[in-house]
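To start, the structure under review is shown below, and the notes come after it.
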Amino acid sequence: MIEISNLNFAYKSKPNLFSSLQLKVSEGNIYGLLGKNGAGKTTLLKIISGLLFPRQGDCTVLGFNSSKRTPAMLQDIYFIPEEFYTPPLKIKEYVALYAPFYPQFDQNALEQHIATFTLPGNERLTSMSYGQKKKFLIAFGLATNCKLLILDEPTNGLDIPSKSQFRKLLAASLDENRTIIISTHQVRDIGNLIDPIVILDEGNIIFNQSIDAISRKLAVNLQKDEPDPQAVLYSEKTLGGYVVIEENAGQSESNLDIELLFNAVINNQNRLSDLFAREA
């Protein structure tokens, strides 16, 4: 689906944002792309979409060089950025203008998604709230039936019921030929959807693991007393004690909070890398 090798990219303000970046993304998964502000998440999504061009290295998407932006590639990619522009069109007008670019577009699916999100049918997009615009773009993106759907902070601007509807629609839309990449800070909104989890830090992929591998290698426990930092992988103080991440020596599966995992990886990258490398 996506293969990035030896990719270099820079801004004037960040002369070495990506240096020899490596990443493979396969079909049939909802990837969670996590990272601190400025880690390069949005830049990476734009490179994959062909909106930015690497200085060196390769980014192949669906068998195409992403920087070439060939129609055959673009008809199977839909990217919803965090900051987006909507033209002063009604929904029907927008669909009539943009749906022909996507050969697999499903009008019936779009109508179902619009009904699920209870979107107004006769207003211009520019008259809608930010959350309504976001819901329409999500509905349209799912209806394209494209092979690669890229979402940058998709739950920003959505109210609580809309977040639940979003999760249901996204889960129902995934099949073995489709890949979804979600970049977000709101991991609690999509924690039950994403698998694998990719963490980007200072321009490097420092973690890329499936939920199955994570649950087998790591255990989460709650203990009353403060743990020895050398004896655990990560700990946070919580109500009633400390929540602790440690190596799963007993090989019993453990549910892991993704926000906790992210903090553990960022703060103890080397030990976690060594732990997962032993399995590989």
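Start at 1 with the first residue, then count along the sequence.
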Might you confirm whether atom CG of Asn122 has over 12 heavy atoms from other residues, nucleotides or ligands at distances under 6.0 Å?
no
One should read off an interatomic distance between Ser66 OG and Ile77 CD1, to the nearest 0.5 angstrom, of 7.5 Å
Can you establish whether the number of heavy atoms outside Glu246 located under 6.0 Å from its atom CD is more than 12?
yes
4.5 Å side-chain heavy-atom contact, Leu218 and Leu261:
yes
Electrostatic pair Glu93:Arg124 at N-O distance under 4.0 angstrom
yes
Under a plain distance cut-off of 3.5 Å, with no hydrogens placed, do Glu153 and Thr184 share a side-chain donor-acceptor pair?
yes
Between Pro227 and Val232 the two heavy atoms that sit nearest each other are CB-CG1, 4.0 Å
Could you go step by step and tell me if Tyr31 and Ser26 meet the side chain to side chain donor-acceptor pair (under 3.5 Å) rule?
CA-CA 9 Å; Tyr31 281 78; Ser26 58; 3.2 Å; yes
Closest non-hydrogen contact found for Ile47 with Pro54 is CG2-CD, 4.3 Å
What distance do Leu62 atom CG and Glu3 atom CD have between them, rounded to the nearest 0.5 Å?
12.5 Å
Does a side-chain heavy-atom distance below 4.5 Å link Phe18 with Leu200?
yes
Within the side chain of Thr144, is there an N or O that forms a donor-acceptor pair under 3.5 Å with the backbone of Gly141?
yes
Do Asp212 and Ser215 pair up side chain to side chain, a donor and an acceptor below 3.5 Å, judged on atom types alone?
no
Determine, stepwise, if the pair Val61 / Cys59 fulfils side chain to side chain contact (heavy atoms under 4.5 Å, CB included).
CA-CA 7 Å; Val61 179; Cys59 178; 4.0 Å; yes
For the pair Ile181 and Leu151, evaluate side chain to side chain contact (heavy atoms under 4.5 Å, CB included) and give the outcome as yes or no after the intermediate values.
CA-CA 6 Å; Ile181 302 176; Leu151 308 173; over 6 Å; no
Worked check of side chain to side chain contact (heavy atoms under 4.5 Å, CB included) between Ile48 and Leu148:
CA-CA 10 Å; Ile48 291 170; Leu148 177 60; 3.9 Å; yes
Which pair of heavy atoms, one from Lys224 and one from Tyr242, lies closest together, and at what distance?
O-CD1, 3.7 Å
Does one side chain, of Ser162 or Asp159, offer a donor that lies under 3.5 Å from an acceptor on the other?
yes
Spacing of Ile150 atom CD1 and Thr42 atom OG1 [to the nearest 0.5 Å]:
11.0 Å
Do Leu272 and Leu34 belong together in a cluster built from hydrophobic side chains that touch within less than 4.5 Å?
yes
Side chains of Leu260 and Glu236: does their closest heavy-atom pair fall under 4.5 Å?
yes
Quick check against the 3.5 Å criterion: does Lys24 have a side-chain atom that pairs as donor or acceptor with the backbone of Met1?
no
is_close_aromatic(Phe276, Phe207), centroid dist under 6.0 Å:
yes
Ring pair (Phe, Tyr, Trp, His ring centres under 6.0 Å) between Phe105 and Phe140, worked out:
CA-CA 9 Å; Phe105 188 84; Phe140 185 89; 5.0 Å; yes
When you look at CD of Glu83, are more than 12 heavy atoms from neighbouring residues, nucleotides or ligands closer to it than 6.0 Å?
no
Flag side-chain contact, heavy atom, 4.5 Å: Ile2 against Thr179
no
What is the minimum heavy-atom distance between Lys163 and Thr155, and which atoms define it?
CE-O, 3.7 Å
Measuring from atom CG of Asn8 to atom CG of Asn6, what distance do you get when rounded to the nearest 0.5 angstrom?
7.5 Å
Does the Arg167 side chain pair with the main chain of Asp189, one donor and one acceptor, at a distance under 3.5 Å?
yes
Indicate yes or no for a side-chain donor-acceptor contact from Thr118 to the backbone of Ala115 under 3.5 Å, with no hydrogens or angles considered.
no
Any chance you could measure Leu74, atom CG, to Phe79, atom CZ, to the nearest 0.5 Å?
13.0 Å
Check this for me: Phe101, atom CZ, are more than 12 non-hydrogen atoms of other residues, nucleotides or ligands nearer than 6.0 Å?
no
Tell me if a side-chain donor or acceptor on Ser49 pairs with a main-chain N or O of Leu45 at a distance below 3.5 Å.
yes
is_close_aromatic(Phe166, Phe117), centroid dist under 6.0 Å
no
Is any side-chain heavy atom of Ile114 closer than 4.5 Å to one of Ile91?
yes
Atom pair CG (Asn208) and CG (Leu33), whose distance is rounded to the nearest 0.5 Å
10.0 Å
Checking Gln132 side chain against Ser129 main chain: does a donor-acceptor pair fall under 3.5 Å?
yes
Is atom NZ of Lys46 surrounded by more than 12 heavy atoms (other residues, nucleotides or ligands) closer than 6.0 Å?
no
Report yes or no: do Ile199 and Leu21 belong to one cluster of Ile/Leu/Val/Met/Phe/Trp/Tyr joined by side chain heavy-atom distances under 4.5 Å?
no
Cationic N near anionic O, under 4.0 Å, Arg188 to Glu259
yes
In short, Leu142 meets Ser173 closest at the heavy-atom pair CD2-OG, 3.4 Å
Anything under 30° is parallel, anything over 60° is perpendicular, the rest tilted; go ahead and classify Tyr78 against Tyr102.
perpendicular
In one Ile/Leu/Val/Met/Phe/Trp/Tyr side-chain cluster, 4.5 Å: Tyr234, Val187
yes
Val244 reachable from Leu233 in the ILVMFWY side-chain graph, under 4.5 Å edges:
no
Candidate pair Asp58 and Thr60, rule side chain to side chain donor-acceptor pair (under 3.5 Å), full reasoning:
CA-CA 6 Å; Asp58 298 308; Thr60 302; over 6 Å; no
Please evaluate residues Lys134 and Phe84 with respect to the criterion side chain to side chain contact (heavy atoms under 4.5 Å, CB included), reporting the C-alpha separation (whole Å), side-chain torsions for both, the decisive distance (0.1 Å), and the verdict.
CA-CA 9 Å; Lys134 177 70 72 71; Phe84 52 81; 3.5 Å; yes
Does Arg178 reach the side chain of Cys146, with side-chain heavy atoms less than 4.5 Å apart?
yes
Side-chain heavy atoms of Ile197 within contact of Val265, under 4.5 Å
no
Establish whether Met128 and Val95 are linked, either directly or via other cluster members, by ILVMFWY side-chain heavy-atom contacts under 4.5 Å.
yes
State, to 0.1 Å, how close Asp76 and Asn145 come at their nearest heavy-atom pair, and which atoms those are.
OD1-O, 4.4 Å
Salt bridge present between Asp152 and Lys41 (N-O < 4.0 angstrom)
no
Output, in order, the C-alpha distance, side-chain angles, deciding distance and verdict of side chain to side chain donor-acceptor pair (under 3.5 Å) for Asn156 and His185.
CA-CA 9 Å; Asn156 279 4; His185 291 104; over 6 Å; no
Looking at Asn267 and Asn263, would you say the former's side chain and the latter's main chain have a donor-acceptor pair under 3.5 Å?
yes
Test item: Leu23 and Leu44 side chains (from C-beta on) under 4.5 Å apart, heavy atoms:
yes
Kindly assign one of parallel, tilted or perpendicular to the pair Tyr98 and Tyr94, based on the angle between their ring planes and the thresholds 30° and 60°.
tilted
